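Every number for a ligand or one of its atoms is a count from 1 in the order of the listing. The shown structure was predicted, so the numbers you read here are calculated from the model rather than taken from an experiment.
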Amino acid sequence: MNFRQWALAATLGLSSIASAWAHDYTIGQIRVDHPWVRATAPGQANGAGYMEIKNSGANADRLLSVNSDAAARVELHTIETENGVARMRHVPDGIAVPANGEVKLAPGGYHVMFLNLKQPFSQDGEIPATLKFEKAGEVAVKFHVMPIGHMQKGEHDHSSHSMKH
Ligand SMILES: [Cu+2]
């Protein structure tokens with residue numbers, strides 16, 4: 001929960017809002033903040049997941065993989081632009097989390113790709129998954145299912161990419 005969310009919750013005096021926003025997971029020096037996916041459109045076979053990963057330790061770590069029963073396969077992807085065309089690329093070596101730093105999985109960049117969903121992602125649902133870090137180990141998280149048009153502040157929509165699998 002950032003300060004703005006905290007201030008909002010405090011102003012409204014609604015602890016239920018505060019707890020709904022408190023959605024982070026800690027393992028060792030790693031904190032996983034607000035994992036979320038977008039609700040899927042009818043017929044959409046794949047979904048993308050996002051989160052922020054913070055590392056308060058003096059050693060770099062790496063998100064190696066994500067497992068979830070919600071999809072037939074889960075991969076880590078990034079988006080690269082070549083000759084003006086954005087394409088998705090599998091990152092088999094995982095995503096580095098710098099020492100005393102953070103990495104953001106966000107629309108238009110790194111994401112968790114859920115391939116061949118067993119059920120659609122429906123709004124307000126939760127998608128359980130296990131994140132595996134090279135050093136910190138495994139942590140179970142839940143991706144919150146956000147409304148279909150949800151974007152993080154300052155991000156552009158790249159939802160069309162998810163149709164290209
Ligand atoms: Cu992807």
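Among the backbone and side-chain atoms of H90, none of the N, O or S atoms lies under 2.8 Å from the Cu ion (ligand 1). With a cut-off of 2.8 Å, the Cu ion (ligand 1) has an N, O or S atom of M88 in range.
Hydrophobic cluster membership is shared by I127 and V139, with clusters built from Ile, Leu, Val, Met, Phe, Trp and Tyr side chains linked at under 4.5 angstrom.
The aromatic ring centres of F121 and F114 sit less than 6.0 Å apart.
In plain terms, the two heavy atoms of P128 and S68 that are nearest each other are O-OG, 2.9 Å.
Using modelled atom types, no side-chain atom of N55 and backbone atom of G101 make a donor-acceptor pair closer than 3.5 Å.
For H77, the N, O or S atom with the smallest separation from the Cu ion (ligand 1) is ND1.
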